[in-house]
Protein chains: 2
Amino acid sequence: MHASLPTSPTDAAAQIDWTANGIETELGWSLALMFHGYSRAGSVAVADVPGGPRGYQVLVAITTEEPTSQLALAHRLGIDKTAMTYIIDALETDALVERRPDLRDRRIRQVHPTEAGHALLRTARVALRTVEDALMGGLSADEQTQLRQLLAKAALGTGATAASLPDTNSDLNLPVPAPERSRRRPQPTTETETRP
Amino acid sequence: MHASLPTSPTDAAAQIDWTANGIETELGWSLALMFHGYSRAGSVAVADVPGGPRGYQVLVAITTEEPTSQLALAHRLGIDKTAMTYIIDALETDALVERRPDLRDRRIRQVHPTEAGHALLRTARVALRTVEDALMGGLSADEQTQLRQLLAKAALGTGATAASLPDTNSDLNLPVPAPERSRRRPQPTTETETRP
DNA sequence: CAGAGATCGTATCAGTTTCAGATCATCTCA
DNA sequence: TGAGATGATCTGAAACTGATACGATCTCTG
């Protein structure tokens with residue numbers, strides 16, 4: 001184990017010997033570190049968002065895309081469908097989202113943002129950007145942009161395909177409120193009324 | 001919700017509207033998808049490595065760096081120290097690593113690779129590279145290299161600082177090598193007696 | 001030198017997350 | 001019409017994570 005690590009992030013990449021097959025050349029290593037770093041810091045930054053980073057992502061998706069089912073949302077975000085139920089429960093409890101029936105398919109609950117949801121998202125976004133900047137502090141502004149774009153591109157490519165299989169695992173670790181068992185949700189009466 | 005992903009990876013980045021604040025522009029989203037994709041596919045690829053991807057990373061680190069303590073290794077890899085114990089247990093059970101006492105500090109167990117460990121690592125590495133190529137299939141070869149390097153650089157920079165807090169109040173700056181404390185001279189012949 | 005405080009690896013426990021599967025209502029299709 | 005599939009929710013169990021305790025050992029200070 002080689003002793004001292006560079007104190008200057010700029011030296012970091014320069015010190016990586018890409019021919020030595022060391023841990024720093026392992027994609028899995030850097031992905032894990034970045035991801036866990038993001039989860040940890042992100043959880044703090046969006047602590048007031050039910051569901052933490054995952055709840056935040058739900059808000060992002062539903063405020064920028066067409067209303068859709070919980071299941072599709074789960075796929076889109078790479079979140080387990082069961083966990084998605086609980087995340088939306090939490091968001092709904094805080095009046096940040098509303099579940100509405102899909103008129104064309106009564107199995108589906110569409111997820112809609114409330115005004116409060118929009119507002120919280122705005123502040124949460126700012127907080128997260130700060131965290132992200134810190135996380136990528138070792139990179140220049142250009143490099144940060146580049147990393148964002150490459151990651152997104154990779155995620156949208158084969159990466160995302162593999163990741164967004166049905167009922168995928170999710171490891172964003174902010175605690176979702178523990179489910180209260182035997183808590184079958186009452187069927188909203190207004191929903192039954194809107195039967196076509 | 002436009003759920004369908006582009007079939008041509010080349011179109012992916014072209015379709016991302018970086019001004020719309022959609023989910024695809026979220027670093028947390030792409031990080032999560034990539035990380036989970038890696039974990040899932042990587043677990044399959046290194047299924048015969050005890051501890052999966054994490055066990056693999058242990059092998060990488062101990063075969064390329066100086067012998068060090070489990071704790072330092074845990075920090076280096078961003079793994080919880082308790083989990084590290086179990087991972088090494090598993091690796092040791094399969095005779096892929098050996099724990100040896102550190103002559104200068106009898107609390108420390110250094111982790112050494114065996115020949116079998118080296119051999120398994122070689123095949124595991126090949127399998128993982130295949131997985132990684134698939135994961136980054138949406139990127140050109142240059143882009144893949146770029147992503148690897150940027151991620152590593154970010155991980156080694158501030159990112160890693162935030163990530164390497166597996167041990168609660170660890171104030172350490174990145175996984176630290178074995179402490180450079182003023183070491184006492186080795187205790188003669190105490191070695192065999194300290195074996196647990 | 002003695003003792004306080006810190007550290008390392010391991011054990012233990014509890015809470016959280018993940019996963020698989022069941023259920024009910026609803027939809028699709030032959 | 002009915003079989004098979006689907007979406008949301010529920011349930012139980014396994015896996016994971018994190019906190020903490022503990023014994024052995026180390027470091028440092030008076």
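All of these numbers come straight from a predicted model, not from anything done at the bench.
- In this structure, the nucleotide among C:dT26, C:dT10, D:dT11 sitting nearest to the side chain of A:R106 is C:dT26.
- Within the structure, a side-chain polar atom (N or O) of B:Q70 is placed less than 4.0 Å from OP1 or OP2 of C:dT10.
- A perpendicular orientation is assigned to the rings of A:F35 and B:H36, their planes being inclined by more than 60° (bins at 30° and 60°).
- To the nearest 0.5 angstrom, B:W18 atom CH2 is 6.0 Å from B:T25 atom OG1.
- For the pair A:D102 CG and C:dT26 P, the computed distance is 13 Å after rounding to whole Å.
- In this entry the distance linking OH of B:Y86 with P of C:dA11 reads 7 Å, nearest Å.
- Here NE2 of A:H75 is found 10.5 Å from OG1 of A:T68. Values are rounded to the nearest 0.5 Å.
- What separates CG of A:D105 from P of C:dT26 is a distance of 10 Å, to the nearest Å.
- Regarding contacts with the backbone of C:dG9, every side-chain N or O of B:T85 stays at 4.0 angstrom or more from both OP1 and OP2.
- Atoms CG (B:D89) and P (C:dT12) sit 13 Å apart, rounded to a whole Å.
- Atoms NZ (B:K81) and P (D:dA21) sit 12 Å apart, rounded to a whole Å.
- The structure places CD1 of B:I62 at 8.5 Å from CG of B:L121, a figure rounded to the nearest 0.5 Å.
- Considering only heavy atoms from C-beta on, A:M34 stays 4.5 Å or farther from B:M34 through its side chain.
- Here the P atom of nucleotide D:dG7 and the CG atom of A:D80 are 14 Å apart, to the nearest Å.
- Nearest to the side chain of A:T82, among D:dT11, D:dA8, D:dT20, sits D:dT11.
- Between B:I79 atom CD1 and C:dT10 atom C1' the separation is 17 Å, expressed in whole Å.
- In the set D:dT11, C:dT26, C:dT10, the nucleotide with an atom closest to the side chain of B:R99 is C:dT10.
- We find that CG of B:L103 is positioned 17 Å from P of C:dC8, with the value rounded to whole Å.
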Got a list of protein N/O to nucleotides 3-6 of chain D N/O distances below 3.5 Å?
residue, atom, partner, partner atom, Å
D:dT6, O4', A:R107, NH1, 3.3
D:dT6, O2, A:R107, NH1, 2.7

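- One hydrophobic cluster, built from ILVMFWY side chains closer than 4.5 Å, cannot hold both A:I87 and A:I108; they sit in different ones.
- Smallest separation of non-hydrogen atoms from B:V60 and A:N21: CG1-O, 3.5 Å.
- Taking only side-chain atoms of B:I108, from C-beta outward, the nucleotide of C:dG9, D:dT9, D:dC10 with the closest atom is C:dG9.
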